[in-house]
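Notes follow the structure.
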Amino acid sequence: MQNKANNNDNNQNEKDIDLCSEEQKKDKSSDEEKDIADKNTAQFENIEDTGSITTKNGGISIHTIIIAGQVEGHQALSPQSKTTKYEHILPQLVGIEDRSDIDGLLLLLNTVGGDVEAGLAIAETVAGMSKPSVSLVLGGGHSIGVPLAVCADRSFIVPSATMTLHPVRMNGLVIGVPQSFTYFTKMQDRILNFIVDHSQAEKSKLLELMMETDEIATDVGSVIDGERAVEIGLIDSVGGLADAMECLKGLVREKKKEKQKKKAARKINKL
């Protein structure tokens, strides 16, 4: 009788343990689901606030930033204008460069241009990153959008997108015409030199397109489509999102292989 009672107690204890383990599994599962939901919520908030998202697949984490509308500089634009604020973009780029859990940057462009120095600041920051980067021009990459398109390691443009090349210009009252002209010339050289340094385009060809008088009705300059941009060496390839993503993942894999080789070489040197 005593043995039977002990067996019943043992069975009851085992049932209690099983129930506890099931409850722990349920709690763990609910916690995991909550974490996933929280991450998704945070991702959507990032999209709404900054136009960015981080995705991970196959062990590769990609952070995507979109530059849309007009690049806003030192002066705030009207609330009705779609803008990209450089003070929002630059901290994101710093975070991407410093975070070990992000492997690469995808830059999506659909911009009419905007503040020259703000655009150059973003472009120079991307160009100075050690993380692999790819840009994709969607819709348009006009004016200061051109340096933003070429600042990445590889650049893509969809066939229907266009890019506008024109001289530096200024709205409003101009005091001191010779001095202003000199300033514009220096600014234009900064932009052209950056584009030439980060693409296959020739400076003479870019100047020719910038000074074209038959392309734009109320301005000088040229509007070129995707195939033309690749033809003159401004953009690397015509392609879409899948092409840009695949290229970026390839650059990330190459970067990881290089790190592994360097790590192995250091171990050999220590021996």
Side-chain angles (χ1 to χ4, degrees), residues 28 31-32 35-36 38-40 42-43 45-47 50-67 84 86-109 117-137 146-157 190-191 193-201 230 233-271:
K28 186 177 180 181
D31 289 341
E32 289 176 351
D35 290 340
I36 293 172
D38 290 341
K39 287 180 180 178
N40 289 336
Q43 289 279 32
E45 287 177 353
N46 282 338
I47 294 172
T50 62
S52 64
I53 187 172
T54 302
T55 57
K56 188 171 184 179
N57 186 24
I60 296 177
S61 179
I62 303 298
H63 188 87
T64 301
I65 293 177
I66 182 168
I67 297 179
T84 297
Y86 77 102
E87 68 268 25
H88 290 175
I89 300 296
L90 295 181
Q92 288 188 67
L93 297 176
V94 173
I96 295 167
E97 177 67 16
D98 197 49
R99 284 177 56 179
S100 59
D101 60 331
I102 294 179
D103 300 311
L105 168 67
L106 178 64
L107 197 63
L108 301 180
L109 297 170
E117 290 191 343
L120 277 180
I122 297 172
E124 287 283 12
T125 305
V126 174
M129 295 175 67
S130 64
K131 300 286 179 73
S133 59
V134 168
S135 66
L136 174 61
V137 181
V146 177
L148 289 167
V150 304
C151 67
D153 296 325
R154 286 292 306 276
S155 57
F156 287 82
I157 186 170
R190 288 168 60 190
I191 297 170
N193 289 336
F194 182 90
I195 295 172
V196 171
D197 290 342
H198 295 85
S199 71
Q200 303 301 316
V230 174
L234 191 59
I235 299 295
D236 293 321
S237 305
V238 174
L241 179 59
D243 301 307
M245 288 288 285
E246 185 58 34
C247 176
L248 181 54
K249 289 179 180 180
L251 293 175
V252 170
R253 294 188 192 100
E254 290 178 7
K255 188 80 174 179
K256 289 185 175 183
K257 286 180 181 178
E258 288 178 6
K259 285 185 177 179
Q260 290 175 353
K261 288 180 180 180
K262 289 180 180 178
K263 190 175 181 180
R266 283 196 296 267
K267 286 183 178 180
I268 293 172
N269 291 333
K270 288 181 179 179
L271 295 176

If I compare all heavy atoms of [X] with all of [Y], which pair ends up nearest, and what's the gap?
| X | Y | value |
| --- | --- | --- |
| His63 | Thr54 | ND1-OG1, 2.6 Å |
| Ile65 | Ser52 | CG1-CB, 4.2 Å |
| Leu90 | Ile122 | CD2-CA, 4.0 Å |
| Ala152 | Ser133 | CA-OG, 3.4 Å |
| Gly59 | Asp103 | O-OD2, 3.7 Å |
| Val137 | Ala149 | CG2-CB, 3.7 Å |

Determine whether more than 12 heavy atoms belonging to other residues, nucleotides or ligands lie under 6.0 Å from atom CD of Glu87.
-> yes
Within 6.0 angstrom of Asp98 CG, more than 12 heavy atoms from elsewhere = no
For [X] and [Y], indicate whether the former's side chain and the latter's backbone hold a donor-acceptor pair under 3.5 Å.
| X | Y | value |
| --- | --- | --- |
| Lys56 | Ile62 | no |
| Ser155 | Ile235 | no |
| Ser199 | Ala201 | yes |

Report yes if the side chains of [X] and [Y] come closer than 4.5 Å at any heavy-atom pair, otherwise no.
| X | Y | result |
| --- | --- | --- |
| Val134 | Leu107 | no |
| Lys262 | Lys259 | no |
| Leu106 | Leu108 | yes |
| Pro147 | Leu120 | yes |

For Lys255, enumerate each residue passing the salt bridge (charged side-chain N to carboxylate O under 4.0 Å, His left out) test, keeping only those at least two apart in sequence or located in another chain.
-> none
Glu117: salt bridge (charged side-chain N to carboxylate O under 4.0 Å, His left out) partners, not counting sequence neighbours | Arg190
Might you work through the side-chain contact (heavy atoms from CB on, under 4.5 Å) test for Leu234 and Val146, ending with a clear yes or no?
-> CA-CA 8 Å; Leu234 191 59; Val146 177; 3.9 Å; yes
Could I get the full list of side chain to side chain donor-acceptor pair (under 3.5 Å) partners for Asn57, not counting sequence neighbours?
-> none
Partner residues of Ser100 under the side chain to side chain donor-acceptor pair (under 3.5 Å) criterion, sequence neighbours left out = none
Sequence neighbours excluded, every pair satisfying salt bridge (charged side-chain N to carboxylate O under 4.0 Å, His left out) that has a member inside residues 147-157 = Arg154-Asp236
Quiz: residues 241-253 side-chain donor-acceptor pairs under 3.5 angstrom, not counting sequence neighbours:
unit_1 : atom_1 : unit_2 : atom_2 : d
Asp243 : OD2    : Gly240 : N      : 2.9

So OG1 of Thr125 and CG of Leu105: to nearest 0.5 Å the spacing works out to 11.0 Å
Taken to the nearest 0.5 Å, the spacing of Phe194 CZ from Leu148 CG works out to 8.0 Å
With side-chain contact (heavy atoms from CB on, under 4.5 Å) as the test, would you mind laying out the steps for Ser130 and Glu97 before giving the verdict?
-> CA-CA 7 Å; Ser130 64; Glu97 177 67 16; 2.6 Å; yes
